[in-house]
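The sequence lines fix the lettering, A, B, ..., with proteins before strands; numbering per chain opens at 1.
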There are 2 protein chains.
Amino acid sequence: MSEIKKDNTEEKILNAAQAVFIQKGMDGSRMQEIADHAGINKALVHYYFRTKQKLYEAIFRKVFKQIFPKIETFILSDQPIEEKLTIFIENYIDVLLKNPYLPTFILKEINRDPEFLASVLKSQGIHPNQIFEMFEREMEDGKIRKMDPRELLVNLLSLSIFPFAAKPLMQLMLFENDKKAYKQFLQNRKTTVQEFVLNSILLKDK
Amino acid sequence: MSEIKKDNTEEKILNAAQAVFIQKGMDGSRMQEIADHAGINKALVHYYFRTKQKLYEAIFRKVFKQIFPKIETFILSDQPIEEKLTIFIENYIDVLLKNPYLPTFILKEINRDPEFLASVLKSQGIHPNQIFEMFEREMEDGKIRKMDPRELLVNLLSLSIFPFAAKPLMQLMLFENDKKAYKQFLQNRKTTVQEFVLNSILLKDK
DNA sequence: ATATGATTTAACCAATTGGTTAAAAATAGA
DNA sequence: TCTATTTTTAACCAATTGGTTAAATCATAT
């Protein structure tokens, strides 16, 4: 039964590596710590993934996928723009509520090695163009205010992601380090961000 | 002239340390690299700052100050809210244009050691309350839409900071890695963010 | 000038760390 | 059961790295 056992340890390593890398980043993580976290010998980690770099890359790809929720469905639907944005924001914030360390990890590591990021983006097939075209259609239909669609996307991402990335700072500055209060705040943003954006871009039909 | 020489090397070390730490973070930086960058012997770095941790803390405090522009002036002025927000956003984006690595560094390190952040915040005397009170006054005067003032501050920070923190990703996804184009994009945001926010929160007087 | 104290350097050290290796243990096939 | 293969481990290694030390250089004051 080599298959089952193999999958099992490989998975244990991946889980442990994700936990450690996400918290401490590539530089701050130790192979020994990953092994300990997986409850195995350090040499086993090398046996399965050869080098720290290779293991890290596997984790980065795995984690990176999670931060791009199924955007396609939200663009291709023929719901009104209000609904689309609602879905986008809620989807995003929900993903981050479940994986609050994702933004920090991604931001940290895209700066550490941007070239590697490029290869991941390429292999992942990210097409923001679809989103831009959708935005532009809505603008031409007079549904939303005219603006650079890239601005709109960046604004949506900023408003959704930043509060997670800056969590320790915001929690401390705005909520006296009350963890629950800040989590509730993030929850609420599913609606407040939506309102904030819609109020800004929606054109009332005359 | 021991004083002059001392100040000189100490400053050289601080500058070198800032450059290195900001790019590579605490874990990714090497004392040797800092010494090389300053053009001195590694032992000198220890002679002036004893440990890496102490040097890092000095840099963190120094850098942290820069990311909090003189907020006081912008709150205490009696200009209309439109002007205040304009000043806030322009001020912020200008600071970041000059120090584009700041956001990444801060976000990285506040997650690495949140307790240290707490001590820095305390010693720095950050009072978001002043800002909140100003926002609340504007709401009660019917100038801007009523909302949780913390939401508004977080939104402003998100929109201003995130595009810098996520620069490699955004530059790659939205501008085919065209550095100048992205810089221009960030420049433009001094006005587009302002419009975006004002459109959202400003109440037209009837 | 030279004694004194501060600054700077080269050489060194101990601990950490990514990675290897050889042998042991587990597994599967005959 | 016996053999071959895969999985796991303990021990080890070389390189890196933060930090120390003792000697050298420099500046200053007497």
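The separation between B/Phe49 atom CZ and D/dT20 atom P is 16 Å, rounded to whole Å. Put simply, OH on A/Tyr48 is 18 Å from P on C/dG19, counting in whole angstrom units. Following rounding to the nearest Å, B/Asn8 (CG) and C/dT7 (P) show an atom-to-atom distance of 12 Å. Distance NZ (B/Lys12) to P (C/dT8): 8 Å, rounded to an integer number of Å. At whole-Å resolution of the value, CD in A/Glu10 and C1' in D/dT8 are 15 Å apart. In this structure, A/Ile13 places its CD1 atom 13 Å from C1' of D/dT9, rounding to the nearest Å. As a whole-Å value, the separation of A/Leu55 CG from C/dT17 P is 16 Å. Rounding to whole angstrom units, CD of residue A/Gln32 and P of D/dA10 are separated by 10 Å.
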Under 3.5 Å donor-acceptor pairs involving side-chain atoms of residues 29-44 of chain B, not counting sequence neighbours:
residue : atom : partner : partner atom : Å
B/Ser29 : OG   : B/Val20 : O            : 3.4
B/Ser29 : OG   : B/Gly25 : O            : 2.6
B/Arg30 : NH1  : B/Asp27 : O            : 3.2
B/Arg30 : NH2  : B/Asp27 : O            : 3.3
B/Gln32 : NE2  : B/Asp36 : OD1          : 2.9
B/Glu33 : OE2  : B/Lys24 : NZ           : 3.0
B/Asn41 : OD1  : B/Ala43 : N            : 2.7

In a table with atom names and distances, give each donor-acceptor pair under 3.5 Å that connects a side chain of residues 180-190 of chain A to protein atoms at least two apart or in another chain.
residue  : atom : partner  : partner atom : Å
A/Tyr182 : OH   : A/Pro163 : O            : 2.7
A/Gln184 : NE2  : A/Asn188 : OD1          : 3.0
A/Gln187 : OE1  : A/Lys190 : NZ           : 3.4
A/Arg189 : NH1  : B/Glu151 : OE1          : 2.9
A/Arg189 : NH1  : B/Asn155 : OD1          : 2.9
A/Arg189 : NH2  : A/Leu159 : O            : 2.9
A/Arg189 : NH2  : B/Asn155 : OD1          : 2.8
A/Lys190 : NZ   : A/Asp94  : OD1          : 2.8

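A/Phe135 does not carry A/Arg145 over the face of its six-membered ring by the limits of under 6.0 Å from the centre and within 45° of the normal.
One side chain, A/Gln18 or A/Lys62, offers a donor N or O that lies under 3.5 Å from an acceptor on the other.
Interface residues of residues 38-46 of chain A facing DNA chain C, ordered by number: A/Lys42, A/Ala43, A/His46; criterion, heavy-atom separation under 4.0 Å. A heavy atom closer than 4.0 Å to some atom of DNA chain C occurs in no member of residues 20-31 of chain B.
Inter-residue side-chain proximity for A/Glu82 and A/Leu198 is flagged as met; some heavy-atom pair is nearer than 4.5 Å.
Listed by chain and number, the residues in a salt bridge (Lys or Arg N to Asp or Glu O under 4.0 Å) with B/Glu57 amount to none (sequence neighbours excluded). In this view, B/Lys84 and B/Glu138 satisfy the salt bridge (Lys or Arg N to Asp or Glu O under 4.0 Å) rule, not counting sequence neighbours.
A sub-4.0 Å separation between OP1 or OP2 of D/dT8 and a side-chain N or O of A/Thr9 is present. One finds no side-chain N or O of B/Tyr47 lying less than 4.0 angstrom from the OP1 or OP2 phosphate oxygen of D/dT20.
The aromatic rings of A/Phe60 and A/Phe105 sit tilted, their planes meeting at an angle between 30° and 60°. Between B/Phe88 and B/Tyr92, the ring planes lie tilted relative to each other; the angle falls in the 30° to 60° range.
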